[in-house]
Engineer: 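Can you keep this structure in mind? I'll have questions shortly.
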Amino acid sequence: MSNIKPSLVKGTRDFSPLEMVRRNYIFDTIKTVFRKYGYAEIQTPSMENLATLTGKYGDEGDKLIFKILNSGDYLSKVGPQLLAEARSSEILPAISEKALRYDLTVPFARYVVMHQNEISFPFKRFQVQPVWRADRPQKGRYREFYQCDADVVGSDTLLNEAEFVGIYQEALTNLGLKDFTIKINNRKILSGIAEIIGKSELIVDMTVAIDKLDKIGLDGVIGELLERGFTDADIDILKPVILLKGTTLEKLESLKQILKTSETGLRGIAEVEKVLEYVAALNGGRQAGNTELDITLARGLNYYTGCIFEVKTNEVAMGSIGGGGRYDDLTGMFGLKGLSGVGISFGADRIYDVLLELDLFPASSAVGTKVLISNFDEKAEQYALPLLSGLRDGGIAAELYPVAAKLKKQLGYADDKRIPYVILIGSDEMESGKLTLKNMQDGGQERLSAAEIISKLKIS
RNA sequence: GUGGUUUUAGCUCAGUCGGUUAGAGCGCCUGAUUGUGGUUCAGGAGGUCGUGGGUUCGAGCCCCAUAUUCCACCCCA
């Protein structure tokens, strides 16, 4: 057998025991909050039919879907002429029928449609699973990463949006983040803006351009707008909108003036106002300072129709750590009309990177084995087995050193694994029934019976 | 998809102008100490220099291709 050098697939990672403890801390914290708000967990398969996924994420997104090659002689269905032409886009449907899921929202929509008769609406579900994107990796961007999604379908009330703001607040605060911003915008406001400059058909180009304000500045945005088919006259109207200053409430007032001729735009403003009203009511009447209207926020996915969210941390340079919004007709694509949905997502991998950089993981999240029983010889091993069971029955994480190695090595092992206690069983101990319990932190030792050790470790 | 960057011991990294046997720190193993770790001391093992070609008397170093890392763009969590 040839010796293949082991390596990881680009953009993927192994997770060590310590990393898993930390990742689970993030997942558990988020899941706990989801449950508190009435969401129930589901899972869907890693693979979906390719047709289920294509066309849902725009052209850019479709390119990033990982396709799975058909099993068997996958070229047999490709005609010789197609093969000769070697046009990937036309051969693809013949050789690939399945794909890895690209996000959790579309599979969820598929789930809702398939299970509509068993579901009682409104349906509130959360889902924590990996997704795959054939993106080029960089900071905070992986090809396999976890999303933590919560969505509700079959409920139009804006209270849902407000509750999602609450979920973001609570989960991120519980994770120890102090300074983050929940940005809110509304697709209808963006539509209204496009409407008043008479370029409704260019709304996507408009949002993509103004979304970059932070990054490339006003001149950059204007350049991009011109490139994308906007005139100087359009930009004169757009400019004051893009540069809106002031508090969220002041921005809303100004927008009402600007968008007074756009019914859609005014409806968007009203929606944002209502959401903020609910948020304040849920927050004991106070407006949350870190929740703000950001008119330049335009999330890429095509299916959002109402409110959109994005969460950024201000403590670390990192892309958004969460996002979401309302999509009025997601299940319509699968033939179930008239169901409105709202959802949010936490980017667990990015949150991990942020917590690591800010050193926010609790020290206690590194708990493992509580006590190691040393192993001197076969006789001591036999003696140790009932004690091992007794410790475990008492809920104490215990392990027996698997071979009779030098004590130095066994203690070194305990040290490496940060096991706080070691029980030494030698001939003296077996004879007297008083075992030596060594505390690895201070090095102290005491002689105790097996029962005394169990009760001591239970409380400490 | 576009542009740049990285790759040398288990890990982090040196390696001069292309020139003999490729180095350091940490880690690992052994011993000092046959039942006492995290400290110390002594010794030891460990490398196809990412991979495949090429130039050269000679390549870790130069050229080409490719993979990979990280970064930016596009897009996104």
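Sequence lines set the chain letters: A, B, ... in the order given, protein chains first and strands last, and positions in each chain run from 1. Reckoned from all heavy atoms, side chains included, excluding hydrogens, waters and symmetry mates.
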Engineer: Pick base, sugar-phosphate or nothing for A:Val131, based on heavy-atom distances below 4.0 Å to the nucleic acid.
Structural biologist: nothing
Engineer: Under 6.0 Å from the ring centre and within 45 degrees of the ring axis: does the NZ or CZ of A:Arg125 meet both conditions for the six-membered ring of A:Tyr39?
Structural biologist: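 Judged by the rule (NZ or CZ under 6.0 Å from the ring centre, within 45° of its axis), A:Arg125 is not positioned above A:Tyr39.
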Engineer: Between B:G35, B:A72, B:C75, which nucleotide gets closest to the side-chain atoms of A:Arg228?
Structural biologist: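 Nearest listed nucleotide: B:C75.
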Engineer: Going by the angle between their ring planes, with limits at 30° and 60°, are A:Tyr401 and A:Tyr413 parallel, tilted or perpendicular?
Structural biologist: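 Geometry flag for A:Tyr413 against A:Tyr401: perpendicular rings.
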Engineer: Please work out if A:Lys212 contacts a base, only the sugar-phosphate, or nothing of the nucleic acid, heavy-atom cut-off 4.0 Å.
Structural biologist: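 Sugar-phosphate contact only - A:Lys212 comes under 4.0 Å of backbone atoms but never of a base.
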Engineer: Looking at A:Gln43, A:Met47, A:Arg101, A:Gln129, which one forms a side-chain contact (heavy atoms from CB on, under 4.5 Å) with A:Pro107?
Structural biologist: A:Arg101
Engineer: Of the options B:G37, B:G31, B:U36, whose atoms approach the side-chain atoms of A:Lys406 most closely?
Structural biologist: B:G31
Engineer: Can you find a side chain N or O atom of A:Gln138 that sits less than 4.0 Å from OP1 or OP2 on B:C70?
Structural biologist: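 For A:Gln138, the contact criterion (side-chain N or O under 4.0 Å from OP1 or OP2 of B:C70) is not met.
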Engineer: Using atom P in both nucleotides, what's the gap between B:C73 and B:C13 to the nearest angstrom?
Structural biologist: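 One P to the other, the span is 24 Å.
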Engineer: Base, sugar-phosphate, or nothing for A:Gly426, non-hydrogen atoms under 4.0 angstrom?
Structural biologist: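 Counting heavy atoms under 4.0 Å across all strands, the contact made by A:Gly426 includes a base.
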Engineer: Using the rule for Phe, Tyr, His and the six-membered ring of Trp, do A:Phe145 and B:A77 stack at under 5.5 Å and under 30°?
Structural biologist: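 Yes, aromatic ring over the base.
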Engineer: Taking any heavy-atom pair under 4.0 Å as a contact, classify A:Gln410: base, sugar-phosphate, or nothing.
Structural biologist: nothing
Engineer: Just checking A:Thr12: base, sugar-phosphate only, or nothing, at a heavy-atom cut-off of under 4.0 Å?
Structural biologist: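 The answer is nothing, as A:Thr12 stays clear of every strand by at least 4.0 Å.
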Engineer: Just checking, any donor-acceptor pair under 3.5 angstrom between side chains of A:Gln127 and A:Thr44?
Structural biologist: yes
Engineer: NA contact type, A:Gln441, heavy-atom cut-off 4.0 Å: base, sugar-phosphate, or nothing?
Structural biologist: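 Base, at least one base atom sits under 4.0 Å.
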Engineer: May I ask you to say what A:Gly324 touches in the nucleic acid, namely base, sugar-phosphate or nothing, with a heavy-atom cut-off under 4.0 Å?
Structural biologist: nothing
Engineer: I want to check one thing: is the phosphate of B:G37, taken as OP1 and OP2, less than 4.0 Å away from some side-chain N or O of A:Lys417?
Structural biologist: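 No.
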Engineer: Can you see whether A:Ser16 engages A:Glu19 through a side-chain donor-acceptor pair at a distance of less than 3.5 angstrom?
Structural biologist: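 Side-chain D/A pair, A:Ser16 to A:Glu19: present.
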Engineer: Is the A:Phe346-A:Tyr168 ring centre distance short of 6.0 angstrom?
Structural biologist: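 Judged by ring-centre distance (under 6.0 Å), A:Phe346 and A:Tyr168 do meet the cut-off.
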Engineer: So A:Leu407, base contact, sugar-phosphate only, or nothing? Heavy-atom distance under 4.0 Å.
Structural biologist: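 Base contact.
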Engineer: Answer yes or no: does a side-chain N or O of A:Lys10 lie under 4.0 Å from OP1 or OP2 of B:U68?
Structural biologist: yes
Engineer: Need one value for A:Glu310: base, sugar-phosphate or nothing, where a base atom within 4.0 Å counts as base even if backbone is also close, heavy atoms only.
Structural biologist: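 It contacts nothing in the nucleic acid.
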Engineer: It should be established whether A:Lys408 places a side-chain nitrogen or oxygen under 4.0 Å from OP1 or OP2 of nucleotide B:U34.
Structural biologist: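 It does not, given that no N or O in the side chain of A:Lys408 lies less than 4.0 Å from OP1 or OP2 of B:U34.
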Engineer: Would you mind classifying the nucleic acid contact of A:Tyr413 as base, sugar-phosphate or nothing, using non-hydrogen atoms under 4.0 angstrom?
Structural biologist: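 Nothing, no nucleic acid heavy atom in range.
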Engineer: Going by modelled atom types, is there a donor-acceptor pair between the base of B:C74 and the side chain of A:Arg136 at under 3.5 Å?
Structural biologist: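 No pair found.
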Engineer: Starting at the 5' end of RNA chain B, what dot-bracket string do you get if Watson-Crick and G-U pairs under 3.5 Å are bracketed, crossing pairs use [ ], other-strand pairs use | and unpaired bases use dots?
Structural biologist: ((((..(..((((.....[...)))).(((((.......))))).....(((((..]....))))))..))))....
Engineer: Base, sugar-phosphate, or nothing for A:Gly322, non-hydrogen atoms under 4.0 angstrom?
Structural biologist: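 Counting heavy atoms under 4.0 Å across all strands, the contact made by A:Gly322 is with sugar-phosphate only.
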Engineer: Can you list everything that forms a ring-ring contact (aromatic ring centres under 6.0 Å, His included) with A:Phe309? Sequence neighbours excluded, please.
Structural biologist: none
Engineer: Compute the centroid of each ring, for A:Tyr352 and then for A:Phe361, and state whether the two points are separated by less than 6.0 Å.
Structural biologist: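 Yes.
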Engineer: When all nucleic acid strands are considered with a 4.0 Å heavy-atom cut-off, which category describes A:Ser345: base, sugar-phosphate, or nothing?
Structural biologist: nothing
